[in-house]
Amino acid sequence: MPDNLLEQLQSAFPGAQVSEQGGFGPLVGLAAADALAAACETLARPEFGWDTVEDYTARDLGTSFELVLHLVSSADVRRRLTVKAPIARETAQAPSLVSRFGCAEWYEREIFDLFGIRFDGHPDLRRILLPEDWSGHPLRKDYQDERLLRRPGN
Amino acid sequence: MAVVDKWTGWVERFPGGSLALTTAEFFINWGRKNSLWPLTFGLSCCAIEMFCTGAPRFDWARLGNEVLRASPRQADMMVVAGTVCWKMAPRLKRLYEQLAEPKYVIAMGACAVSGGPFHYDSYGTVRGVDQLIPVDVYLPGCPPRPEALLDAILTLEKKISHERLPGRKPQEPHPQRSESESHV
């Protein structure tokens, strides 16, 4: 990692929180998910080189959701970078990355399936893991299911 | 003659020789339990142990579990080896319904018995395959060793040997046969 990489990232993303820890490689915490597609475009440029989506998931923080995107460099697979972006719980919408990264399609379907986050511009936003007639999104903290049995004592 | 001596269950002795006299029920059960054809059906890690049981080291063909059939219509026994999730549940039920009668089910492993490690706090797992289909033999373990699956198959064979033809009363112990002999 170049010494001034964090400064470069900070200057490329002025409104973001850039830190060295907290993820795979450096962490870029964006202020809003709307900037995600543009941020990926910037990070894929040759001076950064993070041009491949390795993993894409989400977290439920209770009051909001957070998208977690792991990028990897196709030139050097040891170079990784984590991008995080918050999403309001009420809207639960984010722009899709499929037009830029084809492999994000199934990741976004999985996030939609388990968290109920809708991706604008996704070509085929259906459930991918659960049955088609499932109701609810099980990885949300407020998920309710009468079939689910809670462990006694928890 | 030496072989026939061991089959005391269905050889009746007569003065001047012996004759293989038996009931249709005993004979049908004897045929059924020694020619179970399992369905090729594995769900997760228990299936690895199941295939190992079919491989030469353990060789469940010795027990008449001859060939794993690729079509449920050619099989009459199903080893539910692994975790059953709600998405798999309708498929599993359909496979069971396509099995040829009479059909038998072994629930192999903790997941198929009760949901196992996914019994609590899991939104996707069926807590025991007996919520979907009738189960003949429950085999606990995570996963059970191949010896345990062989024991489950022997238990199932023992169960089949006690079956009654439709419309007959439950079996009473044979007056001339001991309990152990009737399992032959």
Side-chain angles (χ1 to χ4, degrees), chain A residues 55-68 87 89-90 92-94 103-119 122-154, chain B residues 39-48 72 78-99 105 107-135 138-144:
Chain A
D55 192 15
Y56 195 13
T57 183
R59 294 168 68 200
D60 187 350
L61 303 178
T63 53
S64 65
F65 295 115
E66 183 182 62
L67 290 173
V68 182
I87 301 179
R89 198 182 183 90
E90 295 74 40
Q93 277 200 324
C103 64
E105 182 179 344
W106 281 14
Y107 289 126
E108 290 183 353
R109 279 179 66 183
E110 186 184 2
I111 297 170
F112 165 71
D113 194 358
L114 300 178
F115 287 94
I117 297 170
R118 300 194 155 271
F119 290 92
H122 193 285
D124 183 25
L125 198 62
R126 291 180 291 130
R127 289 188 182 275
I128 188 170
L129 295 176
L130 296 172
E132 294 83 2
D133 56 350
W134 199 271
S135 64
H137 304 284
L139 289 193
R140 288 192 176 197
K141 296 287 186 196
D142 56 355
Y143 176 70
Q144 297 289 334
D145 189 346
E146 73 276 2
R147 286 193 301 208
L148 197 149
L149 193 65
R150 288 289 175 199
R151 183 181 293 276
N154 274 18
Chain B
L39 176 65
T40 311
F41 182 64
L43 289 173
S44 55
C45 24
C46 278
I48 306 296
M78 182 192 229
V79 181
V80 182
T83 316
V84 186
C85 61
W86 283 111
K87 192 167 186 175
M88 193 65 197
R91 282 88 169 166
L92 187 143
K93 204 164 180 174
R94 174 169 292 186
L95 283 172
Y96 174 77
E97 284 164 358
Q98 287 175 339
L99 285 177
V105 174
M108 179 182 183
C111 295
V113 169
S114 69
F118 313 107
H119 186 78
Y120 292 119
D121 298 332
S122 168
Y123 56 86
T125 310
V126 181
R127 284 191 293 277
V129 73
D130 52 3
Q131 297 198 4
L132 306 169
I133 57 175
V135 173
Y138 293 87
L139 171 57
C142 190

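Quick note on labels: first sequence line is chain A, next is B, and so on, each numbered from 1. Computed from a predicted model, the values in this text were never measured in an experiment.
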Quick one: closest heavy-atom pair of B/Asp121 and A/Leu148, and the distance?
CA-CD2, 3.9 Å
Within the structure provided, determine whether A/Leu129 and B/Lys87 are in side-chain contact (heavy-atom separation under 4.5 Å).
no
Segment of A/Leu139 engaging chain B (4.5 angstrom heavy-atom cut-off):
side chain
Hits for ring pair (Phe, Tyr, Trp, His ring centres under 6.0 Å) against A/His122, two or more places apart or cross-chain, chain-then-number order -> none
A/Tyr143 and B/Tyr123 have their tightest heavy-atom pair at CE2-CB, 4.0 Å
More than 12 heavy atoms of other groups within 6.0 Å of A/Trp106 CH2:
no
List in chain and number order the residues that pass salt bridge (charged side-chain N to carboxylate O under 4.0 Å, His left out) with B/Arg94, two or more places apart in sequence or in another chain; answer none if no residue qualifies.
none
Do side-chain atoms of A/Arg147 reach the backbone of B/Val126 as a donor and acceptor pair under 3.5 angstrom?
no
Got a sec: does the CZ of A/Arg140 have more than 12 other heavy atoms crowding it under 6.0 Å?
yes
